[in-house]
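All chains are named by letter (A, B, ...) in the order of the sequence lines, taking the proteins before the strands, and each is independently numbered beginning at 1. Side chains are part of it too, since the values below use all heavy atoms of this structure and drop only hydrogens, waters and symmetry mates.
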Protein chains: 2
Amino acid sequence: MSHIIGKGRCISCQVRHLSIFANLSTQYLGELCDFQPTVMTYTAKEFIYRQGDSPNNAFTLRKGLIKLIKSLPDGRIQIVRILKSGDLFGFDGFAHQDYNQSAIALSDCEICHLPLAGLQKLRLQRPEIDQAMMQRWIQSLHDAENMMLDLGAKKASERLANFLVNWGESEQDGWKKMPLSRQEVGNLLGLTVETVSRFLSDWKRRGVIQERKGCIRIKDKKHLCEVINPKGTCG
Amino acid sequence: MSHIIGKGRCISCQVRHLSIFANLSTQYLGELCDFQPTVMTYTAKEFIYRQGDSPNNAFTLRKGLIKLIKSLPDGRIQIVRILKSGDLFGFDGFAHQDYNQSAIALSDCEICHLPLAGLQKLRLQRPEIDQAMMQRWIQSLHDAENMMLDLGAKKASERLANFLVNWGESEQDGWKKMPLSRQEVGNLLGLTVETVSRFLSDWKRRGVIQERKGCIRIKDKKHLCEVINPKGTCG
DNA sequence: GAATTTATTTGATATATATCAATGCACAAA
DNA sequence: TTTGTGCATTGATATATATCAAATAAATTC
């Protein structure tokens, strides 16, 4: 279950430099702090908010991973974004709109709840916040556009190979964390579990990738790049 | 071909109330004007910019329609957004990024070119611009998320029916402009021309829709709503 | 550790949509 | 009017991916 672990101490916040407040001076960080952002923990699979809820807060993710999903009445699901440390989410309230997606913890999370009213006030005083949000806007839209291209124009293998190569970050030993289940990868890429499983099994069999307990390693990147880029040249 | 038709007279601009400058006072509109926004016309099918170009401007669409597309090396295409009067586009430069999509005129267009430098300067002085851009950010992301849901989770008929019902605006006589070719509808919905054509023909045969010279009319909205919402209740 | 539950894999089959190919139609050019 | 050119339609067929079902494997609970 979720529970409060304290009021945010913005000045000493460990994800400050990743957040939209990265360029805020200590003076204004203090003011941000006065708005009483509340830090809460959530356990994996818990909802932070649901599509249709009325927003009182925006959120900054401090620890863990979150998926934003949209769902249809009959249960079909699309993951529209995966959030990592420092990401701002649930800002629909800025446009006086209800949440357009649901936010669900992928892993145990630590989330800072930012009261909308206070944030709006601070925004008007400090243009660097808007500047930071603008950067994120553009990045989010680029991500969304790339995803539309994937979903609308690419084949299953292309989407999956692209996901494996470009999602997350590898350790120096080449292994990277893969915190999504097959089902979730499917929900992200518009595929069924079975299709995801089949391609992964096939690539494992052929030595293109390796897998162990929540991690994968790409052994033959060239192969995956050729899948991604059927015509183009591959490095 | 495109050509310049003059420097923008922002105060008397016919799409001002639709633009991000809607709430700007006349004083600051004057200042905006000093940045010398240039109004240009483009003919249908012309590129306004290409994916990968370096931005010097952002744009406001004054007249006509524009499609933003992303394409793959082998020619596959995804339309990621369709713009109408008052829409801001090509703002990638705000994040010091190259254009992430190409912008192509769907019809003959009139477009205001806003020099980035000037716009940035004005933004810092007038928070209402950022406020307006924020609203658009949130709306654009909602649109993109809905489209991801469509492309990733819905069937061809659902996407197409949804498009017919919810895209564009009907005249009071029930007819609505349909300026997209079958091919373009396909590029928007992640389908082939043939698939689009087949469903439309079928619905025409069954009297669900009518079509004439660039316009369509929905005769049996209930039918289309049931296609869109297979399980749910339909008004 | 045994018992349950949940996630993954694999196979057989179905089906929606793509692909390929041909024809028809509308509008522009000559 | 004819001739062309692009777009839309229709049909036949192929195929990628979904669906259904069962067998393993892994994770949780007792």
Item checked: Pairwise side-chain hydrogen bond (donor to acceptor under 3.5 Å, both in side chains) hits with a residue in residues 163-172 of chain B, at least two apart ->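 Every pair satisfying side-chain hydrogen bond (donor to acceptor under 3.5 Å, both in side chains) with a residue in residues 163-172 of chain B: there are none.
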Note to self: Can you pull out every side-chain hydrogen bond (donor to acceptor under 3.5 Å, both in side chains) where at least one residue sits in residues 105-114 of chain B? Sequence neighbours excluded, please.
What the structure shows: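 Qualifying pairs: B/Y42-B/H113, B/R62-B/E110, B/K63-B/E110.
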Checklist line | Closest listed nucleotide, where the reference is the side chain of B/S197 and the choices are D/dT10, C/dA7, C/dT10 | finding: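 So the nucleotide nearest the side chain must be D/dT10.
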Margin query: Taking the minimum atom-to-atom distance to the side chain of B/K45, which one of D/dT9, C/dT9, D/dC7 wins?
Written below: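 Output: D/dC7.
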Notebook entry, point to check: In degrees, rounded to 10°, what is the bend between the two ends of the helix from C/dG1-D/dC30 to C/dA30-D/dT1, using five pairs at each?
Noted result: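 Both end axes considered, the difference amounts to 40°.
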Nearest-Å distance, [atom1] ([X]) to [atom2] ([N])?
X: A/E158; N: D/dT15; atom1: CD; atom2: P; result: 17 Å
X: B/L189; N: C/dA16; atom1: CG; atom2: P; result: 18 Å
X: A/W203; N: C/dT9; atom1: CH2; atom2: P; result: 13 Å
X: B/R182; N: C/dC25; atom1: CZ; atom2: P; result: 15 Å
X: B/L180; N: D/dA8; atom1: CG; atom2: P; result: 10 Å
X: B/L200; N: D/dA8; atom1: CG; atom2: P; result: 10 Å
X: B/Q183; N: D/dT5; atom1: CD; atom2: C1'; result: 16 Å

Item checked: Any residue meeting salt bridge (charged side-chain N to carboxylate O under 4.0 Å, His left out) with A/K84, in chain and number order, not counting sequence neighbours ->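 Partners of A/K84 by the salt bridge (charged side-chain N to carboxylate O under 4.0 Å, His left out) criterion, ordered by chain and then number, come out as A/D87.
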Next item on the list: Applying salt bridge (charged side-chain N to carboxylate O under 4.0 Å, His left out), name anything that partners A/D92, two or more places apart in sequence or on another chain.
Entry: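 A/D92 satisfies salt bridge (charged side-chain N to carboxylate O under 4.0 Å, His left out) with no other residue.
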Check: How would nucleotides 25-30 of chain D be written as a contact map, 5' to 3', with B for base contact, S for sugar-phosphate-only contact and - for no contact, using protein heavy atoms under 4.0 Å?
Finding: ------
Item checked: Pairs where residues 144-158 of chain B contributes a residue and the test salt bridge (Lys or Arg N to Asp or Glu O under 4.0 Å) is met, not counting sequence neighbours ->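 Residue pairs passing salt bridge (Lys or Arg N to Asp or Glu O under 4.0 Å), neighbours aside: A/R76-B/E158, B/D150-B/K154.
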Checklist line | 4.5 Å side-chain heavy-atom contact, A/M148 and B/M148 | finding: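 With C-beta onward as the side chain, the pair touches.
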Margin query: Within the 4.5 Å heavy-atom criterion, are A/E194 and A/R182 side-chain neighbours or not?
Written below: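 Heavy-atom side-chain distance check fails, nothing below 4.5 Å.
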Notebook entry, point to check: Which residues pass the side chain to side chain donor-acceptor pair (under 3.5 Å) test with B/D220, sequence neighbours left out?
Noted result: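 Partners of B/D220 by the side chain to side chain donor-acceptor pair (under 3.5 Å) criterion come out as none, since no residue qualifies.
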Checklist line | Which residues share a ring pair (Phe, Tyr, Trp, His ring centres under 6.0 Å) with B/F94, sequence neighbours left out | finding: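 In terms of ring pair (Phe, Tyr, Trp, His ring centres under 6.0 Å), with neighbours along the sequence ignored, B/F94 is linked to no residue.
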Which pairs, protein N/O on one side and nucleotides 17-20 of chain C N/O on the other, fall under 3.5 Å?
{"unit_1": "C/dT17", "atom_1": "OP1", "unit_2": "B/A156", "atom_2": "N", "d": "2.7"}
{"unit_1": "C/dA18", "atom_1": "OP2", "unit_2": "B/T192", "atom_2": "N", "d": "3.4"}
{"unit_1": "C/dA18", "atom_1": "OP2", "unit_2": "B/T192", "atom_2": "OG1", "d": "3.0"}
{"unit_1": "C/dA18", "atom_1": "OP2", "unit_2": "B/T195", "atom_2": "OG1", "d": "2.3"}
{"unit_1": "C/dT19", "atom_1": "O4", "unit_2": "B/R198", "atom_2": "NH2", "d": "2.8"}
{"unit_1": "C/dC20", "atom_1": "N4", "unit_2": "B/E194", "atom_2": "OE2", "d": "3.0"}

Show which side-chain atoms of residues 198-205 of chain A pair as donor or acceptor with protein atoms under 3.5 Å away, not counting sequence neighbours.
{"unit_1": "A/S201", "atom_1": "OG", "unit_2": "A/S197", "atom_2": "O", "d": "2.9"}
{"unit_1": "A/D202", "atom_1": "OD1", "unit_2": "A/R206", "atom_2": "NH1", "d": "3.4"}
{"unit_1": "A/D202", "atom_1": "OD2", "unit_2": "A/R206", "atom_2": "NH1", "d": "2.9"}
{"unit_1": "A/K204", "atom_1": "NZ", "unit_2": "A/E211", "atom_2": "OE1", "d": "2.7"}

Check: Restricting to pairs with a member in residues 63-89 of chain A, which pass ring pair (Phe, Tyr, Trp, His ring centres under 6.0 Å), not counting sequence neighbours?
Finding: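 Only A/F59-A/F89 qualify under ring pair (Phe, Tyr, Trp, His ring centres under 6.0 Å).
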